[in-house]
Amino acid sequence: MTDGITSVFTWEEGARIEVRDLGGEIVIEANAAGLRTLAGHLLTLAQDGTPDGAHLHLEENNGLEEGSASLVLERCDDE
C-alpha cells in the first residue's frame, strides 16, 4: 500500500520467470504463465492512482527461478 492505494500483484499458477545478466544484456525468460504474470505486474504499476516510485522487487526467493538476477519493476512518471 502506498498513499492509501493498495496494489495487488498476482502470480499465475505455474508461472516460471528467470532473469539473467549477460554483462551488457539482460534476458528475461519465461513460460506463457510467467509472461502473463509479468504483464499483470506492469499493468498494476500503470494503473491510475499508482504513485510515482511504486515498485516491486522480484528475486530468486520472491518469484524468480533459482539463480536469477534480481529485477525491480518501478513506476517513474518524471520525464
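Scope of the values below: all heavy atoms of this structure, side chains included, with no hydrogens, waters or symmetry mates.
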Flag side-chain contact, heavy atom, 4.5 Å: Glu65 against Glu60: no
Sidechain-backbone polar pair: Asn31 side chain, Ala15 backbone, donor-acceptor under 3.5 Å: no
Between CG on residue Leu42 and CD on residue Gln47, distance to nearest 0.5 Å: 11.5 Å
N/O donor-acceptor pair under 3.5 Å between Thr50 side chain and Ala46 backbone: no
From CZ (Phe9) to CG (Leu56), nearest 0.5 Å: 4.5 Å
Donor-acceptor contact below 3.5 Å, side chain His55 vs main chain Gly53: yes
Point-to-point distance, once rounded to the nearest 0.5 Å, from CD of Glu66 to CD of Glu18: 10.0 Å
Side chain proximity check, Ile28 to Leu71, heavy atoms < 4.5 angstrom: yes
Full working for side-chain contact (heavy atoms from CB on, under 4.5 Å) between Glu25 and Arg20: CA-CA 8 Å; Glu25 185 173 65; Arg20 294 189 309 270; over 6 Å; no
Check: Ser68 side chain, Leu64 main-chain N or O, donor-acceptor pair, under 3.5 Å: no
Donor-acceptor pair, side chain of Thr37 and main chain of Glu12, under 3.5 angstrom: yes
Distance, nearest 0.5 Å, that separates CG of Asp21 from CD1 of Ile26: 3.5 Å
Any Ile17 side-chain heavy atom under 4.5 Å of Leu38 side chain: yes
Sub-4.5 Å side-chain heavy-atom contact between Leu73 and Leu58: yes
Donor-acceptor contact below 3.5 Å, side chain Arg75 vs main chain Ala54: no
Linked, directly or transitively: Leu45 and Val19 (ILVMFWY side chains, under 4.5 Å): yes
